[in-house]
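Scroll down for the structure; my scribbles are underneath it.
Both counts, for ligands and for their atoms, begin at 1 and track the order of listing. Counting begins at 1 with the first residue of the sequence.
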Amino acid sequence: MKVAIGSDHGGVNIRKEIISLLEELGIEYKDFGCECGTSVDYPDYAIPVAEAVANGGYDRGILICGTGIGMSIAANKVKGIRCALVHDVFTAKVTREHNDTNVLAMGERVIGPGLARLIAETWLKGEFEGGRHANRVGKITAYEDQHM
Ligand code: RB5
């Protein structure tokens with residue numbers, strides 16, 4: 001698995017925490033930044049990460065900002081991206097099983113590094129269940145194919 005990861009200035013600490021998790025798990029990754037001491041704009045990081053996943057260069061993306069909301073909105077504008085904003089372990093598990101999400105967003109001003117790490121590990125290890133869920137995800141893909 002190859003993971004693209006990025007954050008704005010509001011998500012730098014959790015991004016570093018998740019990078020250390022990826023290294024511990026032996027998962028290949030690319031850090032898309034930010035290298036930010038100052039304020040930056042979350043779409044400048046969300047869209048490159050989302051495009052890297054949508055283009056097939058990376059299997060999954062992880063995005064962190066203050067709330068995770070801006071990152072998730074921006075990532076979900078990219079065709080083929082199913083980004084979930086997750087702040088609990090149950091949702092991390094089920095969004096892989098049911099939604100086949102390929103990007104995870106979290107908010108550093110909402111949760112701490114320990115929970116973020118557990119969420120990311122759960123999400124990375126989660127498996128899509130397919131079946132009726134594949135039918136539902138397929139309807140989203142069909143909409144994208146017609147309209148995007
Ligand atoms: C930055 O101040 C903040 O707006 C951003 O990190 C994020 O929370 C946006 O959704």
Check: Glu23/Tyr29 side-chain N/O donor and acceptor closer than 3.5 Å: yes

Protein heavy atom at shortest distance from atom 2 (O) of ligand 1: Arg109 NH1, 3.3 Å

From CD1 (Ile5) to CG (Leu21), nearest 0.5 Å: 9.0 Å

Check: Met71 N/O within less than 3.5 Å of ligand 1 N/O: no

Ligand 1 versus Thr67: contacting region, heavy-atom distance under 4.0 Å: both

Closest approach of any protein heavy atom to atom 1 (C) of ligand 1, naming residue and atom: His9 NE2, 3.6 Å

Donor on one side chain, acceptor on other, Arg117 and Ser20, under 3.5 Å: yes

Thr101 side chain vs Thr95 backbone, donor-acceptor pair below 3.5 Å: yes

Minimum-distance protein heavy atom relative to atom 7 (C) of ligand 1: Cys65 SG, 3.3 Å

Heavy atom of the protein closest to atom 5 (C) of ligand 1 (residue, atom name, distance): Asp8 OD2, 3.2 Å

Under-4.0 Å heavy-atom contact between protein and atom 10 (O) of ligand 1: yes

Contact with ligand 1 for Glu108, non-hydrogen, under 4.0 angstrom: no

Closest contact, heavy atoms only, Val78 versus Ala54: CG1-CB, 3.8 Å

Side chain to side chain contact (heavy atoms under 4.5 Å, CB included) partner of Val3, the single match among Leu22, Ile18, Val53, Leu25: Leu22

Backbone of Cys83 reached by a side-chain donor or acceptor of Asn76 within 3.5 Å: yes

Nitrogen or oxygen of Gly68 less than 3.5 angstrom from that of ligand 1: no

Atom indices of ligand 1 within 4.0 angstrom of Gly66 heavy atoms, with elements: 5 (C), 6 (O), 7 (C), 8 (O)

